[in-house]
Protein chains: 2
Amino acid sequence: MSATQIDAVTLDGAGPLYDQIRRAIRDLILAGTWPPGTSVPPEHALMEKLGASRMTVHRALAQLAREGLILRRRRSGTVVASPPASHAMLDILSIPEEVGELGQAYSYRILQRRDGKASREVAARFELGRSVNVTHLTLLHFADGAPHVLEDRVIHPTAMPQVADESFAQTPPGDWLLQNSLWTQAEHAISAIAAEPDEAELLKIEAGSPCLLVERRTWNQSEPITAVRLLYPGGRHRFVGRFGPYGAV
Amino acid sequence: MSATQIDAVTLDGAGPLYDQIRRAIRDLILAGTWPPGTSVPPEHALMEKLGASRMTVHRALAQLAREGLILRRRRSGTVVASPPASHAMLDILSIPEEVGELGQAYSYRILQRRDGKASREVAARFELGRSVNVTHLTLLHFADGAPHVLEDRVIHPTAMPQVADESFAQTPPGDWLLQNSLWTQAEHAISAIAAEPDEAELLKIEAGSPCLLVERRTWNQSEPITAVRLLYPGGRHRFVGRFGPYGAV
DNA sequence: TCTTTTTATTTGCATATGCAAATGGAGCTT
DNA sequence: AAGCTCCATTTGCATATGCAAATAAAAAGA
């Protein structure tokens with residue numbers, strides 16, 4: 001544990017002490033100051049630095065562990081956890097995984113890529129300003145060689161400057177973003193629409209047949225990262241979630 | 001606090017003491033032994049009954065409070081909370097509410113009701129055994145007088161014997177069930193399908209146009225309560241959810 | 001060098017103690 | 001009856017203490 005790391009923990013004086021400690025550490029994690037894998041100072045170190053008792057520090061850390069932000073092991077200490085990959089319902093965050101879980105072989109093809117100012121059409125589709133620079137991608141994902149889902153995505157280079165040097169030849173952009181970006185907010189919308197002729201042709205279905213449209217936008221602290229439209233042929237897909245009234249089970 | 005109430009709390013000896021206490025009380029709540037509004041014994045009473053220190057009892061109760069199962073107030077004590085009405089994504093649990101939030105006037109009409117053994121068709125649609133007794137209902141919900149969603153539902157009288165005496169003239173079955181049943185498990189599935197001619201006519205849309213199909217089944221401790229199919233005209237509806245990687249925000 | 005044993009570090013759990021904050025209800029005053 | 005003050009109850013927070021369990025790393029042994 002370096003000095004800089006423990007010095008990053010500062011309290012704001014608002015509310016119970018254990019909660020100040022909890023929030024201080026949580027914020028360091030969410031802001032990316034302590035990326036996944038970073039080791040968190042041991043209880044006695046925080047105790048001295050913050051002038052709190054060990055029980056109080058323990059209470060803060062135990063709660064963060066319950067929330068899944070940190071992992072704790074006796075003797076080895078505490079480390080920042082990796083964000084959970086899936087999240088109850090609708091977390092088809094990774095299409096390769098999704099296809100793999102169906103027991104099918106995954107592949108994908110980039111249909112188009114364009115870097116620069118969004119075209120009028122793309123800007124409208126993703127609710128962007130006309131002068132915003134984005135990377136716009138269109139991809140088709142296959143399961144056992146058959147079209148699985150059509151992906152239409154914009155990535156904001158402001159949040160992800162590395163995107164310019166990435167060809168997405170090895171990893172589809174969704175998975176690349178999962179690995180390389182930190183997000184704190186996401187919004188999902190699901191609707192049913194009829195396939196347009198060009199979309200239908202790519203997905204090898206009849207024009208006008210029902211499709212499930214999943215639109216997802218993600219942010220990091222209100223800075224947009226990416227927005228994606230995933231079009232699934234209707235008959236072949238359903239999204240299932242199971243939970244109890246007090247949270248996912 | 002009656003004697004029977006505190007005597008219901010029994011530990012199983014497995015794992016940490018605070019967690020045994022937590023689970024014991026949680027189970028009483030989930031099983032319906034302590035329905036919402038029941039007052040939970042004060043810390044000192046549990047402390048004596050269980051032979052634990054107050055801090056340990058407090059730890060169990062504080063965690064249940066964070067999980068939302070109980071409400072605690074100084075001096076007035078602890079009571080069992082009502083289950084949260086909505087739950088992130090997809091919790092269109094109440095259609096009247098859903099319509100109300102759109103600022104539209106709600107109404108509904110029962111198209112059909114049948115009590116008794118499920119017909120072959122209904123049994124197949126809801127994956128029931130042929131000899132199962134159910135109440136089968138078909139309803140149409142309206143928003144500002146226009147068809148909003150088509151509901152097709154079965155209710156298991158085994159779990160809900162009161163259903164026989166309920167006409168659903170005042171309250172649609174979904175809301176009635178929310179008020180009168182306790183559920184511990186739910187499963188949602190969303191898919192996109194083309195409207196069948198009879199469905200299309202009721203919803204006043206074209207046959208074959210895309211619809212969002214939400215199927216939900218609920219159980220109480222593995223005993224089925226109800227299963228419902230909600231058919232939403234595609235263009236007019238989308239389900240939106242917003243959350244962060246560490247849980248709903 | 002490889003294996004075993006020991007040691008030291010770190011977290012986990014439970015207790016006892018003390019005080020603070022909130023507040024329902026009793027009792028008092030007007 | 002209405003409002004006020006005071007008191008008792010209950011939860012909330014923080015500390016200090018002690019021991020237990022897990023285990024990484026060091027030391028000892030083969």
Requested in this report: Assess the side chains of E98(A) and H148(A): does a donor N or O sit below 3.5 Å from an acceptor N or O?
Outcome: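 Per modelled atom types, E98(A) and H148(A) side chains form a pair under 3.5 Å.
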
Report task. Establish, from distance only, whether the side-chain atoms of H188(B) and E215(B) form a donor-acceptor pair under 3.5 Å. Result ->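 Their side chains do not contain a donor-acceptor pair, so the 3.5 Å distance test is not met.
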
Query - Non-hydrogen side-chain atoms of L46(B) and I25(B) separated by less than 4.5 Å - result: yes

Report task. Could you pick out which residue, R73(A) or Q20(A), lies toward the 5' side of DNA chain D when each is mapped onto its nearest nucleotide? Result -> Q20(A)

Whole angstrom is fine here: how far is it from [atom1] in [X] over to [atom2] in [N]?
| X | N | atom1 | atom2 | value |
| --- | --- | --- | --- | --- |
| E48(B) | dT15(C) | CD | P | 14 Å |
| R66(B) | dG12(D) | CZ | P | 11 Å |
| R22(B) | dA14(C) | CZ | C1' | 17 Å |
| R59(A) | dT11(C) | CZ | P | 18 Å |
| H44(A) | dT11(C) | NE2 | C1' | 11 Å |
| L11(A) | dA14(D) | CG | C1' | 14 Å |
| L61(A) | dA14(D) | CG | P | 14 Å |
| E43(A) | dT9(C) | CD | C1' | 12 Å |

Query raised in the report: Any N or O donor-acceptor pair linking the side chain of R54(A) to the base of dG12(C) at under 3.5 Å?
Result: yes

**Report entry** The single option from D152(A), V228(A), T226(A), I155(A) passing side-chain contact (heavy atoms from CB on, under 4.5 Å) against L137(A)
**Finding:**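 Testing L137(A) for a side-chain contact (heavy atoms from CB on, under 4.5 Å) against D152(A), V228(A), T226(A), I155(A) leaves exactly one candidate, I155(A).
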
Report summary line: Per side-chain contact (heavy atoms from CB on, under 4.5 Å), E43(B) is matched among M55(B), E48(B), H58(B) by H58(B)

Nearest to the side chain of [X], which nucleotide is it out of [options]?
| X | options | result |
| --- | --- | --- |
| M55(A) | dT11(D), dG12(C), dA14(C) | dA14(C) |
| S76(A) | dT23(C), dA24(D), dT15(D) | dA24(D) |
| H58(A) | dA16(D), dG12(C), dG12(D) | dG12(C) |
| R75(A) | dC13(D), dT23(C), dT23(D) | dT23(D) |
| R74(A) | dT11(D), dT10(C), dC13(D) | dT10(C) |
| S53(B) | dC13(C), dA16(C), dT15(D) | dA16(C) |

Below the 4.0 Å mark, does [N] have OP1 or OP2 next to a side-chain nitrogen or oxygen of [X]?
| X | N | value |
| --- | --- | --- |
| Y18(B) | dA14(C) | no |
| R72(B) | dT10(D) | no |
| T56(B) | dC13(C) | no |

Query raised in the report: If you look at every strand shown and take non-hydrogen atoms under 4.0 Å, does G51(B) touch a base, only sugar-phosphate, or nothing?
Result: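 Sugar-phosphate only.
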
Report task. Looking at every strand, decide which applies to A52(B) at a 4.0 Å heavy-atom threshold: base, sugar-phosphate, or nothing. Result -> sugar-phosphate

Report task. Give, for atom CG of L17(A) and atom CG of L50(A), the distance between the pair rounded to the nearest 0.5 Å. Result ->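 Result: 7.5 Å between the selected atoms.
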
